[in-house]
Amino acid sequence: MSPSPESGLAEFDFSAFFRGLDRLNLRSRKRVTGREVGGRLSTRKGRGLEPVGYREYEAGDPLQMVDWVAYARTEKLFVREYEEERALKTHVLLDSSRSMGFEGKLGFAGKLAAGVSYLVEGENEAFGLYTFDGGLEPGDVGRGRLHLMDLVQRLEGLEAEGGTDLLSAAESCVSMLRNRSLVVVISDFMDDPKRVKDAVRLLGEHDLILLQVAGPGEVSPGFEGDALLRDSETGEELKMYMSDRAGRRYSRLVKRHAREVGRAARGVGGDHLAFATSRPPLAAMFDLMSRR
Amino acid sequence: MPLAQPLGLLGLLGAVPVVALYLLRRRPRAVEVPSLLLFRRMEDAPTYRSFLRRLMRERSLLLQLLAIGLASLALAGPYTVAEAPGGLAVVVDGSASMSGFTDEAAEVVNGHLDGEVTLIQAGPAPRELLVDGPPDRARDLIDGVQPLDGEADLSAAMTLAERRGAERVVVVSDFLGWKGRHPGDRASAMEATGVDVVFEPVGEPSSNVGFVDGRMSGTSRTFRLSVARFGGAPGDVTYGARVNGEVIQRGSVHVEPGGRSGIVLDGLPAGEVVVELDDAGPGFDDRAFGYVPEEGEEVLVVGEDGFEARALDAAGASVTVAGPSSPLEGFELVVLKEYAGVDYSGLEEYVRSGGLVVFVASGDISRVPGGILPIEPGTAESVDGVLEFRATGLTSDVSFEDVSVNRLLSAEAAEGAEVHVETADGTPVVASRQVGEGEAVYLGLPPSHDWNDFHFRREYPVFWTNVLEGGAIEHNLPTGERLDFGDEVSVETPYGSVSAERVYLDRAGLYRWEGGTVAANLFSGAESDTSSRLLEPGEFGQDGEGGGEAGGERRTDYTPLVLLLLAAVLLYEARLTGVGR
């Protein structure tokens with residue numbers, strides 16, 4: 001395995017990729033909250049068409065929201081609650097740590113990020129790209145084709161560097177999100193499983209999709225015999241002898257790790273999809289949409 | 001387990017640099033991985049086991065060490081020695097050149113007889129004189145065995161001895177010459193299967209002068225002989241020629257060592273011819289025998305007088321041209337050109353009783369019964385092509401590929417027929433077939449300008465000479481041939497009178513029976529060359545001093561087995577390291 005910090009996205013034909021995505025439409029399964037009025041269902045109660053229930057009047061509530069018929073019956077002031085239609089904001093968290101520089105993972109993840117953003121842009125909804133390694137690098141949230149082009153330009157200049165700290169990135173992200181949003185995390189999730197679960201729990205307040213990427217050669221160690229292993233992110237070294245048996249055990253651990261990440265996502269009502277970088281990005285997007 | 005070459009084990013020292021190289025490059029390979037996360041989770045990840053354990057893990061190193069060990073062992077030549085269970089077979093060379101060494105051969109054989117023995121005489125084909133018989137019986141037999149006038153296939157006799165289950169084979173020969181496979185190669189193959197082979201050379205190389213080639217033309221009454229000298233000094237060789245016991249010619253020829261000179265006796269009267277060299281050498285090849293028929297062959301041509309009759313006349317035959325009703329008795333060759341009115345039952349009886357008949361292609365050849373015709377005839381067809389022919393007695397000295405052919409009878413070879421000449425698409429042009437004691441020949445080239453130009457070619461009489469001399473009426477044959485009579489016939493042979501249905505021409509000389517005489521000759525330059533031994537004792541690892549290296553013991557060499565294991569290890573190692581991928 002030889003790492004490359006370059007994502008290779010500068011040479012990627014995004015136009016052709018987006019044309020292939022035109023047939024797709026991304027829809028959230030959860031209701032969202034937000035201040036802009038959009039085409040999605042929100043859990044925020046307020047002025048809308050669909051009544052969802054009543055609550056007692058509180059000081060400051062508009063008088064026109066008081067249900068006077070109920071007052072006539074009960075002599076108490078009740079305010080009718082409606083479900084508002086609110087716009088969905090999508091936040092894409094893209095792992096740009098050094099481990100993503102192996103086997104084209106960063107490039108593949110960048111294509112998925114662009115694909116998700118393109119589909120959201122097609123719904124005329126807001127989206128933003130956050131990259132993270134040891135910490136979070138927030139990006140602007142906006143709408144429209146120009147914003148998408150800015151996002152693509154940012155992706156093209158992306159390089160794999162730094163360590164992975166998903167929990168720290170999740171904490172930063174959650175503190176910035178005021179409304180319920182769609183959060184898409186694209187990473188190899190090569191982080192401590194406990195910290196990954198904590199991060200997922202934090203992000204689980206939002207509609208969450210975890211997209212795990214792995215190089216086809218990463219399901220096995222890729223070497224035999226004595227080796228001095230060096231962690232690409234931390235520089236730590238580890239001597240070990242890789243026998244056939246140990247190689248098989250490593251492969252089992254890779255699958256187990258992916259299962260743990262998936263289980264954490266499902267635990268908060270989110271989705272988890274794992275992709276090998278050998279899979280065509282469009283096919284991966286089709287898989288994603290068929291799950292949504 | 002004893003070793004033939006213990007020094008071969010020094011090859012084990014080759015393991016030292018291999019292990020040293022392994023230790024030198026023991027430094028682990030540096031590998032950068034995305035994360036150590038999962039590697040750390042592996043139970044045995046950071047373990048360093050003992051050096052021995054690490055060695056055990058290095059399959060490639062172990063295989064290399066095993067290969068070095070096996071190669072050293074193969075060099076050392078491991079073997080076991082066990083008591084031989086018996087199974088002695090003695091092969092005695094029966095070739096003509098052994099004629100001067102029979103007593104010495106018998107003495108050598110007697111030295112090996114200490115139990116049951118199989119005795120085989122090597123000749124053109126091996127003969128079992130005794131199978132697992134007592135030594136006394138073998139001694140009696142070996143004293144009476146005489147060499148044959150022919151070449152001996154020693155390897156075939158050795159193979160027969162091996163098939164009879166012999167554990168030890170003693171080959172007694174002068175090793176001056178042989179036919180077939182080299183006996184040294186055969187011995188090596190037998191040794192590999194655990195059979196001990198001991199070569200016992202007898203006699204000594206000596207110079208020789210003898211007849212090495214000869215051809216008797218009965219039709220032209222000429223005997224052409226070739227005399228060769230092997231070793232010795234150049235000089236004249238005197239000879240005398242007798243016909244029916246009377247000296248007709250004496251003379252001398254000068255022969256250089258390694259050279260040949262010819263003797264031509266022409267105008268010979270009918271009868272038995274013996275040509276003898278004076279003081280020539282060992283004696284087995286200093287006489288040549290020939291037979292000239294009483295008169296030219298009596299030939300009947302059925303049909304009009306034509307090219308066939310003239311060609312046969314030129315070949316020395318006494319030709320009678322007659323119609324189809326002519327009796328066949330008394331003729332040694334009948335040529336059929338016309339087929340209407342022929343008594344085919346009489347013709348069949350004539351052939352089956354030993355006659356020779358030639359069927360010349362004709363439009364009505366289909367009248368001939370299928371039982372005697374060498375072909376199954378069809379219709380006459382135009383052809384345009386070159387004839388192909390095999391080198392047989394009938395095609396000798398005739399260039400059939402130069403014959404221009406316009407028409408041919410479409411035909412297929414009859415069952416049992418031999419095709420000598422055919423077209424590219426397989427239409428037989430000259431074919432022959434054995435019918436009873438006689439022979440039938442088909443000639444698809446009738447003397448017609450519309451059909452072909454064969455009759456205008458100078459080889460046309462040569463073909464008819466071949467018919468006369470190569471058919472059932474051959475009187476001069478090489479030794480090793482066989483006379484088949486059908487019924488038991490009393491034959492006077494060079495080795496006495498015998499009564500048999502078939503007689504082998506084992507010895508050079510004259511074979512007489514009622515109604516026929518055949519002269520047999522060994523004309524073999526290889527057998528006559530007694531000036532050098534072709535196989536020296538020890539040349540192929542054999543011990544010629546009698547009894548081999550382990551008299552009464554059987555030695556099993558495990559080197560081939562070790563080499564086989566070595567090859568398997570190397571193949572596995574190549575597969576592990578991905579050689580060829």
Side-chain angles (χ1 to χ4, degrees), chain A residues 1-3 95 97-103 105-106 160 163-164 188-193 195-196 213-215 217-258 260, chain B residues 14-69 568-581:
Chain A
M1 281 184 277
S2 55
D95 183 355
S97 65
R98 188 163 168 75
S99 68
M100 292 290 284
F102 286 77
E103 299 207 37
K105 285 190 287 187
L106 184 61
T164 307
D188 58 5
F189 295 98
M190 280 294 171
D191 201 351
D192 183 287
R195 293 176 68 80
V196 170
V213 294
E218 287 182 322
V219 293
S220 62
F223 62 90
E224 285 182 348
D226 280 315
L228 179 63
L229 306 183
R230 186 175 174 278
D231 192 308
S232 66
E233 296 182 354
T234 64
E236 286 178 89
E237 291 185 338
L238 174 69
K239 277 182 184 174
M240 73 177 305
Y241 180 86
M242 185 59 68
S243 62
D244 283 351
R245 189 169 151 226
R248 288 193 294 274
R249 187 179 304 146
Y250 177 84
S251 299
R252 284 198 298 273
L253 277 176
V254 170
K255 291 172 188 167
R256 185 173 144 195
H257 183 67
E260 285 173 349
Chain B
V16 175
V18 171
V19 173
L21 278 174
Y22 168 75
L23 291 175
L24 281 176
R25 66 182 178 95
R26 196 169 51 133
R27 197 172 56 184
R29 190 159 53 113
V31 180
E32 187 172 11
V33 294
S35 169
L36 288 177
L37 174 75
L38 298 178
F39 291 105
R40 287 195 188 284
R41 289 175 71 180
M42 292 174 67
E43 288 173 10
D44 62 345
T47 57
Y48 247 101
R49 301 287 169 89
S50 68
F51 177 70
L52 188 62
R53 181 79 180 266
R54 288 164 48 73
L55 278 183
M56 293 301 289
R57 282 170 163 174
E58 286 291 338
R59 268 188 302 182
S60 183
L61 174 70
L62 287 180
L63 287 173
Q64 287 166 16
L65 292 177
L66 184 60
I68 289 172
V569 168
L570 291 177
L571 279 174
Y572 187 56
E573 164 70 1
R575 191 179 161 199
L576 269 188
T577 53
V579 172
R581 259 186 266 157

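Because the structure is predicted, anything quoted here is derived from the model rather than measured. Each chain gets a letter, A, B and so on, in the order its sequence line appears, and its residues count up from 1.
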Original post:
Does any non-hydrogen side-chain atom of B:Leu37 lie less than 4.5 Å from one of A:Pro193?
Top reply: yes
**OP:** Indicate yes or no: at least one non-hydrogen side-chain atom of B:Val33 is less than 4.5 angstrom from one of A:Glu218.
**Re:** no
Subject >> Heavy-atom proximity to chain B below 4.5 Å, by part of A:Arg252 >> reply: neither
Original post:
Side chain, backbone, both or neither: which part of A:Met100 has a non-hydrogen atom closer than 4.5 Å to chain B?
Top reply: neither
Could you measure the distance from the [atom1] atom of [X] to the [atom2] atom of [Y]? Nearest 0.5 Å is fine.
X: A:Ser99; Y: B:Leu36; atom1: OG; atom2: CG; value: 11.5 Å
X: A:Asp192; Y: B:Arg40; atom1: CG; atom2: CZ; value: 12.0 Å
X: B:Glu32; Y: A:Leu228; atom1: CD; atom2: CG; value: 11.0 Å
X: B:Ser35; Y: A:Glu236; atom1: OG; atom2: CD; value: 9.0 Å

Original post:
A:Lys105, A:Glu224, A:Glu260: which one forms the most heavy-atom pairs within less than 4.5 Å of chain B?
Top reply: A:Glu260
Subject >> Top contributor to chain B interface from A:Val254, A:Asp231, A:Asp191 [non-hydrogen pairs under 4.5 Å] >> reply: A:Asp231
**OP:** Report the relative orientation of the aromatic rings in B:Phe39 and A:Phe223; use parallel for angles under 30°, tilted for 30 to 60°, perpendicular for over 60°.
**Re:** tilted
